[in-house]
2 protein chains.
Amino acid sequence: MLKETIKVACSSCNLRELCMPVGLNTQELIRVDELVATRRTVKRGAALFHTGEKFTSLYAIRSGFFKTGITTEDGRDQVTGFQMAGEIIGLDGIVNEQHTCDAVALEDAEVCVMPFDRIEEISREVNALQHHVHKIMSREIVRDHGVMLLLGSMRAEERLAAFLLNLVQRLQARGFSKSELVLRMTREEIGSYLGMKLETVSRTFSKFADDGVIAVKQRNIHILDADALKRIVNVPQCH
Amino acid sequence: MLKETIKVACSSCNLRELCMPVGLNTQELIRVDELVATRRTVKRGAALFHTGEKFTSLYAIRSGFFKTGITTEDGRDQVTGFQMAGEIIGLDGIVNEQHTCDAVALEDAEVCVMPFDRIEEISREVNALQHHVHKIMSREIVRDHGVMLLLGSMRAEERLAAFLLNLVQRLQARGFSKSELVLRMTREEIGSYLGMKLETVSRTFSKFADDGVIAVKQRNIHILDADALKRIVNVPQCH
DNA sequence: CGTCGCTTTGATTATATTCAACAATGGTGG
DNA sequence: CCACCATTGTTGAATATAATCAAAGCGACG
């Protein structure tokens with residue numbers, strides 16, 4: 001039974017190029033397969049972890065879709081990211097040994113649980129893993145800086161266009177269509193992530209649709225003119 | 001001569017609690033002292049590194065004050081952070097082996113150059129250093145999420161109040177006054193960081209001054225009522 | 001002492017928010 | 001299977017907020 005849940009080793013997982021370092025030898029592969037202690041399923045709407053919970057592990061998403069976000073005492077909240085298969089969540093918890101955000105599944109999901117002390121232990125022996133962990137954290141930092149750019153310097157249309165392009169690009173890397181996507185999150189969650197109100201998100205979708213750039217049918221988005229979206233993102237703030 | 005420039009070892013540096021892990025034994029201290037290859041001085045206005053440059057090292061700020069920022073092809077730019085003594089910069093470069101931002105000194109500065117391959121090597125032997133590196137990266141991620149919250153959910157007054165409180169808190173941790181500070185950056189740089197125009201920054205300073213919360217004399221800020229600033233940050237976005 | 005970069009302030013305009021009403025959708029239980 | 005409800009999404013009108021444009025003031029520095 002337990003065996004059943006950990007049947008697929010990292011070394012034979014189809015997401016391994018996303019989560020794992022490449023170019024390992026047999027010996028190293030065996031070590032790295034020990035990273036994943038267990039699997040865990042998370043139902044839609046449930047949290048993988050909450051702010052304040054003790055940090056013990058990083059999680060590699062095997063299937064499903066998550067949002068992470070912070071909530072302040074005064075009720076403000078901010079979605080800090082949307083994560084899909086192959087991505088790693090929980091990095092925020094390392095510094096203070098407790099999570100600083102909530103991770104909530106936006107659809108039924110399964111994650112690989114990687115105890116962080118085990119990651120550190122195996123990292124000392126497998127150089128490629130050590131470097132891989134550093135790269136994952138650095139990538140998250142670079143991503144965050146990109147979000148700052150978006151929030152700090154783009155107008156609503158630019159933000160939403162950038163958001164759609166980013167999503168579709170990540171989906172494409174996972175073998176999905178580069179023109180069709182299903183949003184797993186509400187307009188409000190998109191708005192929280194992009195620093196705008198849900199009404200503005202809705203209006204902006206409608207405008208893109210009016211302009212023939214996308215077709216919107218609830219959460220199904222069809223990108224009709226990707227170049228137009230790219231042009232919207234790149235329009236320099238004129239005047 | 002060379003010896004002169006590396007005279008102060010990390011183990012006897014007065015900033016060591018900020019950059020380095022604590023609780024090392026003698027053996028470990030010796031290893032960790034090998035981290036810093038050289039020192040480098042950076043004149044006010046000069047860059048420590050530029051976007052696109054090959055990444056080789058992390059830098060610990062020994063003295064001075066930096067800004068980091070990204071610039072896009074279309075001329076948009078975003079200050080992603082301001083860094084002071086004891087803080088580490090360059091983490092963004094790990095993932096693609098090249099820097100993704102510019103780091104510019106806002107006053108004459110000196111940094112400790114820590115070649116990243118050496119960091120990884122010593123990390124494998126000194127567990128406390130390994131964990132310390134992970135914590136530093138995680139801390140940067142958490143900080144970035146805080147900036148997202150600020151940019152995504154706060155109004156101008158709230159952003160500037162939060163900015164001042166953050167700066168003064170970090171300065172205080174370094175032994176400076178908790179009520180007086182000298183801004184090393186222009187209104188435009190503050191605005192870029194906070195996602196607002198320089199005029200709005202200026203107006204907001206003036207408003208705080210009118211309200212008796214701070215006194216502003218060019219770049220000298222005197223915080224007269226820290227609690228008021230805290231209240232401004234925490235005011236829930238009413239109606 | 002004049003120039004240049006930075007800052008302040010005012011008036012106007014652009015942009016997104018807020019408030020409000022209504023429509024569409026999906027899930028639930030009768 | 002259908003009706004109902006809660007949730008989510010759309011749209012309009014009024015308003016708040018910050019951006020833009022413009023002009024003038026201040027300070028540091030040569």
Side-chain angles (χ1 to χ4, degrees), chain A residues 43-45 67 75-79 104 106-108 150-161 163 182-211 214-221 232 235-239, chain B residues 43-45 67 75-79 104 106-108 150-161 163 182-211 214-221 232 235-239:
Chain A
K43 284 255 168 277
R44 189 164 97 92
K67 68 167 176 178
R76 231 188 279 275
D77 74 78
Q78 176 70 28
V79 170
V104 174
L106 295 180
E107 58 181 11
D108 290 355
L150 180 145
L151 291 172
S153 80
M154 292 185 182
R155 56 187 61 260
E157 287 184 27
E158 295 166 340
R159 293 180 198 189
L160 193 62
F163 172 73
V182 179
L183 301 173
R184 300 299 169 175
M185 68 296 280
T186 65
R187 304 292 193 257
E188 184 168 26
E189 286 161 339
I190 296 172
S192 172
Y193 182 58
L194 299 179
M196 48 207 256
K197 296 293 158 188
L198 68 95
E199 294 96 326
T200 308
V201 174
S202 179
R203 272 184 243 279
T204 309
F205 272 133
S206 299
K207 177 169 190 312
F208 287 172
D210 288 349
D211 294 350
I214 63 175
V216 184
K217 197 176 178 187
Q218 289 298 116
R219 296 191 179 179
N220 299 281
I221 306 284
I232 290 168
V235 169
Q237 53 279 53
C238 30
H239 316 294
Chain B
K43 283 256 169 274
R44 188 163 99 91
K67 68 167 176 179
R76 231 188 276 275
D77 72 79
Q78 175 71 26
V79 170
V104 174
L106 296 180
E107 58 182 11
D108 291 355
L150 181 144
L151 290 171
S153 81
M154 292 187 183
R155 56 187 58 261
E157 288 185 26
E158 295 165 341
R159 293 180 199 190
L160 193 62
F163 172 73
V182 179
L183 301 173
R184 302 298 169 177
M185 69 296 280
T186 65
R187 304 292 192 256
E188 185 169 25
E189 287 161 339
I190 296 171
S192 173
Y193 182 59
L194 298 179
M196 49 207 257
K197 294 293 158 189
L198 68 94
E199 295 95 327
T200 307
V201 174
S202 178
R203 272 184 243 278
T204 308
F205 273 133
S206 298
K207 178 169 189 314
F208 287 173
D210 289 348
D211 294 350
I214 63 175
V216 184
K217 197 175 179 185
Q218 290 298 115
R219 297 193 179 178
N220 299 281
I221 306 285
I232 290 168
V235 169
Q237 54 280 51
C238 30
H239 314 296

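Order of the sequence lines fixes the chain letters, A, B, ..., with proteins taken first and strands second; residue numbering starts at 1 for each chain.
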Between A:Lys217 (NZ) and D:dG9 (P), how many Å, whole number? 16 Å
Checking only heavy atoms, does the side chain of A:Glu199 share a donor-acceptor pair with the base of C:dC19 at less than 3.5 Å? yes
Contact class for B:Arg219 vs. all strands (heavy atom < 4.0 Å): base, sugar-phosphate, or nothing? sugar-phosphate
Hey, does the side-chain of B:Glu188 have a donor or acceptor N/O within less than 3.5 Å of a partner on the base of C:dC6? no
Report the residue (B:Val201 or A:Ala156) whose heavy-atom-nearest nucleotide on DNA chain C is the more 5′ of the two. B:Val201
Value for CZ (A:Arg187) from OG1 (A:Thr204), rounded to nearest 0.5 Å, stands at 10.5 Å
Can you see which heavy atom on A:Leu183 is nearest to which on A:Phe163, and at what distance? CD2-CE2, 4.5 Å
Just by modelled atom types, is the B:Ser192 backbone N or O under 3.5 Å from a matching donor or acceptor in the B:Gln78 side chain? yes
How many whole angstroms separate atom CE of B:Met154 from atom C1' of D:dA18? 17 Å
Measure the distance from CZ on A:Arg184 to C1' on D:dT8 and round it to the nearest whole Å. 16 Å
Out of B:Arg44, B:Lys43, B:Arg184, which one pairs with B:Glu107 under the side chain to side chain donor-acceptor pair (under 3.5 Å) rule? B:Arg184
Looking for any heavy atom pair under 4.0 Å, which part of the strands does A:Gly191 touch: base, sugar-phosphate only, or nothing? nothing
When the distance from CE of B:Met196 to P of D:dA19 is rounded to whole Å, what number comes out? 7 Å
Does OP1 or OP2 of D:dT7 have a side-chain N or O of A:Arg187 closer than 4.0 Å? no
Distance, rounded to the nearest Å, where A:Arg155 contributes CZ and D:dA19 contributes C1': 9 Å
Using a cut-off of 4.0 Å on non-hydrogen atoms, how would the nucleic acid contact of B:Ser202 be classed: base, sugar-phosphate, or nothing? base
On the nucleotide D:dT11, are OP1 or OP2 found under 4.0 Å from the side-chain N or O atoms that A:Ser206 carries? yes
If we only count heavy atoms from C-beta on, is the B:Glu157 to B:Lys207 side-chain gap below 4.5 Å? yes
In whole angstroms, the gap separating C1' of D:dC29 from CZ of B:Arg44 amounts to 12 Å
Does the base of D:dG9 carry an N or O that pairs as donor and acceptor with the side chain of A:Arg203 under 3.5 Å? no
Taking the nucleotide of DNA chain C with the nearest heavy atom to each, does A:Gln218 or B:Thr200 sit closer to the 5' end? B:Thr200
Integer-rounded Å distance: D:dT11 P and A:Phe205 CZ: 13 Å
Value in whole Å for how far the P atom of C:dG5 lies from CG of B:Leu198: 15 Å
